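Ligands are counted one by one from 1 in listed order, and the atoms in each one are counted from 1 as well. What you see is a predicted model, and the numbers here were worked out from it, not measured in a lab.
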Amino acid sequence: MGNISWLLRTLPAMAGELPRFDLGRTPAEPRELFLRWFGEAVAAGVREPHVMSLSTVDQDGLPDVRVLLLRDLDERGWHFASDRTSAKGRQLGARPAAALGFYWREQGRQVRVRGTVIDLGPEAAAEDFLARSPLSRLAMLSSAQSDVVTDPQNEGPARAEAERLIAADPDFVPAAHAVYAVDPVGVEFWQGDPGRRHVRLRYRRTADSWLREQLWP
Ligand SMILES: Cc1cc2nc3c(=O)[nH]c(=O)nc-3n(C[C@H](O)[C@H](O)[C@H](O)COP(=O)(O)O)c2cc1C
């Protein structure tokens, strides 16, 4: 019988050198601070800094979470791409609200984003889909994200059908492909400290600007 608790207690967290978070140098807008931290994550060699968790809520109010890639960030918010008919797509259709979580381990940094979700429409979906590699497009076209795999042998025909679709129309975009943006009401930046004096800053949206508040970590 395995007991994992002893093992968990041997694992370090937030060890080593970590950056300092100077609250005197924070911009008025959270997007600007996110871009600064993201650039620093890339420069520090953080592996896959664009990987984030996305949480949504199902029809029973039960939270759901999975990992996705950040696709863009602009005045509309944090973008991700997915299938409108997937579990998350259906959850978002019924309840367009979500939270994102980034964890940049090498820097002991966490960023949390909460907000309403908007579907950016067919043009954004087409642009996102057609910019993908042929392999990625083929994989997306031949899968039914979140559905139960009833016949593993059926992958061949689905793949062949996807190949036929792309050959017939190289600009084909599946109707279910969507790009969403999380339009934030709150964005939080958390800097870990090996001495456990972690620093946490929350941006909260007000009618016409952002309120910055330091929170206990
Ligand atoms: C590193 C990584 C990146 C991923 N990126 C995406 C993505 O950008 N879009 C997406 O729909 N699924 C992505 N996935 C798959 C999702 O985690 C998830 O399995 C899928 O979207 C189905 O989720 P759902 O059933 O909750 O809708 C990624 C998984 C991993 C591990």
Side-chain angles (χ1 to χ4, degrees), residues 31 34-35 37-42 44-74 76-152 154-155 158-159 161-162 165-166 171-184 187:
R31 187 152 54 103
F34 182 89
L35 291 170
W37 275 30
F38 194 83
E40 289 172 3
V42 172
V46 170
R47 228 178 122 182
E48 301 183 347
H50 56 329
V51 171
M52 61 190 190
S53 54
L54 164 77
S55 80
T56 48
V57 174
D58 76 7
Q59 57 185 13
D60 300 318
L62 193 66
D64 209 348
V65 68
R66 78 289 286 159
V67 161
L68 264 78
L69 297 180
L70 177 68
R71 302 290 290 173
D72 203 354
L73 171 58
D74 63 14
R76 292 168 296 180
W78 276 251
H79 300 198
F80 60 92
S82 198
D83 190 307
R84 207 175 277 114
T85 59
S86 68
K88 81 183 83 49
R90 281 175 277 137
Q91 289 163 3
L92 288 170
R95 203 164 184 166
L100 303 173
F102 294 84
Y103 174 50
W104 298 322
R105 185 190 55 197
E106 294 84 342
Q107 298 174 300
R109 283 179 167 174
Q110 170 183 235
V111 181
R112 297 162 61 174
V113 180
R114 303 176 77 205
T116 51
V117 174
I118 42 177
D119 185 327
L120 297 182
E123 221 169 277
E127 196 182 315
D128 178 86
F129 189 78
L130 296 174
R132 290 167 185 263
S133 70
L135 199 65
S136 156
R137 277 187 282 155
L138 209 54
M140 289 168 81
L141 274 173
S142 46
S143 112
Q145 194 175 63
S146 311
D147 279 7
V148 174
V149 178
T150 48
D151 178 8
N154 197 35
E155 207 209 341
R159 193 97 176 169
E161 173 62 11
L165 273 172
I166 292 185
D171 290 338
F172 180 81
V173 178
H177 187 66
V179 178
Y180 298 96
V182 179
D183 180 20
V187 185

(request) Fit a plane to each ring of Trp104 and Phe102, take the angle between them on a 0 to 90° scale, and name the class: parallel (under 30°), tilted (30 to 60°) or perpendicular (over 60°). (result) tilted

When you measure from [atom] to every protein heavy atom, which one gives the shortest distance, and what is it?
atom                    : result
atom 9 (N) of ligand 1  : Ala81 O, 3.0 Å
atom 23 (O) of ligand 1 : Lys88 NZ, 3.3 Å
atom 7 (C) of ligand 1  : Leu68 CG, 3.6 Å
atom 20 (C) of ligand 1 : Gln145 NE2, 3.4 Å
atom 24 (P) of ligand 1 : Ser146 OG, 3.4 Å

Quick test of your reading of the structure: of [options], whose heavy atom lies closest to [atom]?
atom                    : options                      : value
atom 18 (C) of ligand 1 : Arg66, Met52, His177, Met140 : Arg66
atom 10 (C) of ligand 1 : Ser143, Ser82, Ser55         : Ser82
atom 13 (C) of ligand 1 : Leu69, Leu92, Val67, Leu70   : Val67

(message) Taking 4.0 angstrom as the limit and counting only heavy atoms of Ala87, give me the atoms of ligand 1 inside it, by number and element.
(response)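 Counting atoms of ligand 1 from 1, those under 4.0 Å from Ala87 are 24 (P), 25 (O), 26 (O), 27 (O).
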
(request) Give a yes or no on whether a salt bridge exists between Arg84 and Asp119, defined as a side-chain N under 4.0 angstrom from a carboxylate O. (result) yes

(request) Considering only NZ, NE, NH1 and NH2 on the basic side and carboxylate oxygens on the acidic side, decide whether Glu106 and Arg47 come within less than 4.0 Å. (result)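 Result for this pair is no, no salt bridge flagged.
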
(request) Write down the atom of Gly61, the atom of Arg95, and the distance for their closest heavy-atom approach. (result)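 Between these two residues, the closest heavy atoms are CA-NH1, 4.3 Å.
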
(message) With a heavy-atom distance limit of 4.0 Å, tell me whether Glu48 approaches ligand 1 through its side chain, its backbone, both, or neither.
(response)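 Near ligand 1, Glu48 shows nothing, with every heavy atom at 4.0 Å or more.
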
(message) Determine whether His177 and Asp128 satisfy the following criterion, side-chain hydrogen bond (donor to acceptor under 3.5 Å, both in side chains), listing intermediate values before the conclusion.
(response) CA-CA 9 Å; His177 187 66; Asp128 178 86; 2.8 Å; yes

(message) Assess, by modelled atom type and distance only, whether the side chains of Ser55 and Arg66 contain a donor and an acceptor separated by less than 3.5 Å.
(response)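 No donor-acceptor contact under 3.5 Å links the two side chains.
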
(message) Regarding Ser82 and Gln145, do their side chains bring together a donor and an acceptor under 3.5 Å, going by distance alone?
(response)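 Side chains of Ser82 and Gln145: pair found under 3.5 Å.
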
